[in-house]
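Heads up, the thing below is written out as structure tokens.
Note that the structure is a prediction, hence the values are computed from the model and not measured.
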Amino acid sequence: MPIPFQPVHLPCSISVAAWNADEAENFDAVMRRADEALYSAKSAGRGRVSLAAPHPAPNPSKTCH
């Protein structure tokens with residue numbers, strides 16, 4: 001006996017974080033930003049997408065001597 005097709009609705013929250021391997025930011029820091037964005041999406045309600053805040057640019061006025 002064939003099983004009738006019935007749509008299944010799965011709510012999800014998604015976060016997106018960009019990472020450029022040439023930048024000083026390490027992979028763990030990118031994952032932390034993505035995780036923070038995911039919790040932001042979840043707190044905003046079901047079916048949300050949240051972009052992680054961009055990696056802050058280095059401050060040229062702060063240099064090591």
Side-chain angles (χ1 to χ4, degrees):
M1 171 182 276
I3 299 172
F5 171 76
Q6 294 194 4
V8 176
H9 299 279
L10 300 173
C12 66
S13 298
I14 299 171
S15 67
V16 178
W19 178 48
N20 181 346
D22 295 333
E23 292 181 4
E25 184 179 35
N26 66 32
F27 185 74
D28 290 335
V30 175
M31 293 306 294
R32 278 192 297 276
R33 291 191 299 113
D35 194 47
E36 290 170 3
L38 179 60
Y39 283 104
S40 174
K42 285 183 175 186
S43 69
R46 293 183 174 193
R48 304 290 177 156
V49 175
S50 179
L51 299 176
H55 171 48
N59 186 344
S61 65
K62 293 183 179 181
T63 56
C64 296
H65 296 282

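Taken from CD in Glu36 to OG in Ser50, the straight-line distance is 10.0 Å, to the nearest 0.5 Å. Here the CG atom belonging to Asp35 is positioned 11.5 Å from the OG atom belonging to Ser40, to the nearest 0.5 angstrom.
In the hydrophobic clustering, Phe5 connects to no other residue, as no ILVMFWY side-chain heavy atoms lie under 4.5 Å from its own. In this structure, Val16 shares a hydrophobic cluster with Ile14, Val49, Leu51, the cluster being traced through Ile, Leu, Val, Met, Phe, Trp and Tyr side chains under 4.5 angstrom apart.
Using a 4.5 Å cut-off on side-chain heavy atoms (C-beta onward), Arg33 and Val30 make contact.
Each ring pair (Phe, Tyr, Trp, His ring centres under 6.0 Å) pair with one or both residues in residues 20-51, not counting sequence neighbours, appears once here: Trp19-Phe27.
Looking at Ser15, its side chain does come within 3.5 Å of a backbone N or O of Ala34 through a donor-acceptor pair.
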